[in-house]
Amino acid sequence: MSTPIPCTDCTSISASSSIGFGPVFNTLKQFYDEAISEWRKAETLGRLSEFLYSIDELCRECSIDGWDGYDSLPITGDACEEAKRFVKSLPANFPMPEIVPEPNGGIGLEWSKGNRLIFVASVSGKNEIIYAGLYGINKSHGTEYFSDTLPLAIIENLKRLNF
Amino acid sequence: MSSIDPLEILSRFILQTNWFSSSENRVKYAAFLPDKNAETSVFRTSGITNNEIWDIGNFEVSIKRGKPILGRADIRANNVIARDLKVVSKEPPLRHANIIGWPDERSKQKLIAIELASESNLHRR
């Protein structure tokens, strides 16, 4: 006999190790963990493809001079591809950023928790990441070469937002 | 107009949807980033009514640029000056000014723009 338990927060159930014991429980838990893991992967991929589509949309919208109503430069295809590469390299435990077109033709990726906890990394198709962060009264900024993986400095700055 | 008073309000008109957050009611940094001439265009809006400010946006920015004004970021001149930037009057049009003196280093520009955005007030159209 079994008693159904409403699952309102599957993540916390999957993380729990004290709701049963014995070999049957272990087998079931393994199945359950695998199912959760697959669901997470699908959710992440779904969000990622939606996000990549948003970058394409933005690039179309900002592909002409003066797209901001002032004197902005067009966002190039190289900048778009680099923004996508950045997002694909992002560890799964970080949330997706907001996309911010910049007047110099770059694409900014912004993570924020209110007005004074903000990190921005931007790319413009030149294999470099220009970043700046505001963490209360603390600040950081710099430039990192962007090769195959995200530079450690970017990951460390993102961690300062405590996601 | 006379030289810029540190307590003056500067208004930056926003014509790009991704330059503000409606849900968080805040301006995003890109609204303050300098253009290719290393300037950020603003209007000096102290002492005039809210409607008059929107009129400036409509007639001097929106119609000329062929894009609707979506909002504006208001900031005091002293917040700008505190970052070693300068505000210089550049008329016509009346009340127009530019924020100049941006550092060459782009990451530093970005940081200053983040700070200015965090100290500005968003007004939606």
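We use all heavy atoms of the structure for the numbers below, so side chains are in, but hydrogens, waters and symmetry mates are not. Given the structure is predicted, the values throughout are model-derived calculations rather than measurements. A note on names: the letters A, B, ... follow the listed sequences, proteins ahead of strands, and every chain is numbered from 1.
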Joint cluster assignment, B:Phe43 & B:Phe59, ILVMFWY side-chain distance < 4.5 Å | no
ILVMFWY network linking B:Ile53 to B:Leu70, side-chain heavy atoms under 4.5 angstrom | no
Side chain, backbone, both or neither: which part of A:Asp68 has an atom under 4.5 Å from a heavy atom of chain B?
-> both
Taking atom NZ of B:Lys64 as the centre, does the number of heavy atoms from other residues, nucleotides or ligands within less than 6.0 Å exceed 12?
-> yes
Max heavy-atom pair count under 4.5 Å with chain A, selected residue of B:Glu24, B:Lys67, B:Arg106 = B:Arg106
Can you tell me if NZ on A:Lys113 sees more than 12 non-hydrogen neighbours from other groups inside 6.0 Å?
-> yes
Where do A:Glu61 and B:Gln16 land on the side chain to side chain donor-acceptor pair (under 3.5 Å) test, with the steps shown first?
-> CA-CA 10 Å; A:Glu61 190 190 322; B:Gln16 229 294 331; 3.2 Å; yes
Would one find more than 12 heavy atoms of other residues, nucleotides or ligands at under 6.0 Å from atom CG of B:Asp84?
-> no
Given a cutoff of under 4.5 Å between side-chain heavy atoms of I, L, V, M, F, W and Y, with clusters grown through shared members, what are the other residues clustered with B:Ile9?
-> none
Picking from A:Cys62, A:Gly106, A:Ser112, which has the most non-hydrogen pairs under 4.5 angstrom with chain B?
-> A:Ser112
Common cluster, A:Val123/A:Met96, ILVMFWY with side-chain heavy-atom separation under 4.5 Å | yes
Find out whether A:Ile118 and B:Glu115 are in side-chain contact, i.e. whether some heavy atom of one side chain is under 4.5 Å from a heavy atom of the other.
-> no
Distance (rounded to the nearest 0.5 Å) between B:Asn18 CG and A:Ile107 CD1 = 10.5 Å
Between A:Val120 and B:Tyr29, does a side-chain contact (heavy atoms from CB on, under 4.5 Å) hold up when you go through it step by step?
-> CA-CA 9 Å; A:Val120 174; B:Tyr29 73 98; 3.4 Å; yes
Residues of residues 30-37 of chain B near chain A, each having a heavy atom less than 4.5 Å away | B:Ala30, B:Leu33, B:Pro34, B:Asp35, B:Lys36, B:Asn37
Where B:Leu111 and A:Ser140 come nearest, the two heavy atoms and their spacing | CD1-O, 4.2 Å
Salt bridge between B:Arg26 and A:Glu110, side-chain N to carboxylate O under 4.0 Å?
-> yes
Stepwise side-chain contact (heavy atoms from CB on, under 4.5 Å) test for A:Glu98 and B:Lys28 = CA-CA 10 Å; A:Glu98 290 189 39; B:Lys28 294 194 181 182; 2.2 Å; yes
Among all residues two or more places apart in sequence or in another chain, which pass the salt bridge (Lys or Arg N to Asp or Glu O under 4.0 Å) test with A:Asp65?
-> none
With distance as the sole test, does A:Asn115 use its side chain to make a donor-acceptor pair with the main-chain N or O of B:Glu119 at under 3.5 Å?
-> no
Hydrophobic side-chain clustering at under 4.5 Å (ILVMFWY, transitive links): who's grouped with A:Ile130? Put none if nobody.
-> none
Counting distance only, does the side-chain N/O of B:Trp19 pair as donor-acceptor with the main-chain N or O of A:Glu102 below 3.5 Å?
-> no
Look at the side-chain heavy atoms of Ile, Leu, Val, Met, Phe, Trp and Tyr, link any pair under 4.5 Å apart, and say whether A:Ile64 and B:Leu15 land in one connected group.
-> no
From A:Asn104 atom CG to B:Lys110 atom NZ, the distance as rounded to the nearest 0.5 Å | 6.0 Å
Examine A:Ile99 and A:Ile154 and state if one hydrophobic cluster contains both, with Ile, Leu, Val, Met, Phe, Trp and Tyr joined whenever side-chain heavy atoms are less than 4.5 Å apart.
-> yes
Is B:Arg12 close enough and on-axis enough to A:Tyr70, meaning under 6.0 Å and within 45°, for cation-pi?
-> yes
Is the count of non-hydrogen atoms from other residues, nucleotides or ligands lying under 6.0 Å from B:Asp104 atom CG greater than 12?
-> no
Non-hydrogen atoms of chain A under 4.5 Å away: do they reach the side chain of B:Gln109, the backbone, both or neither?
-> neither
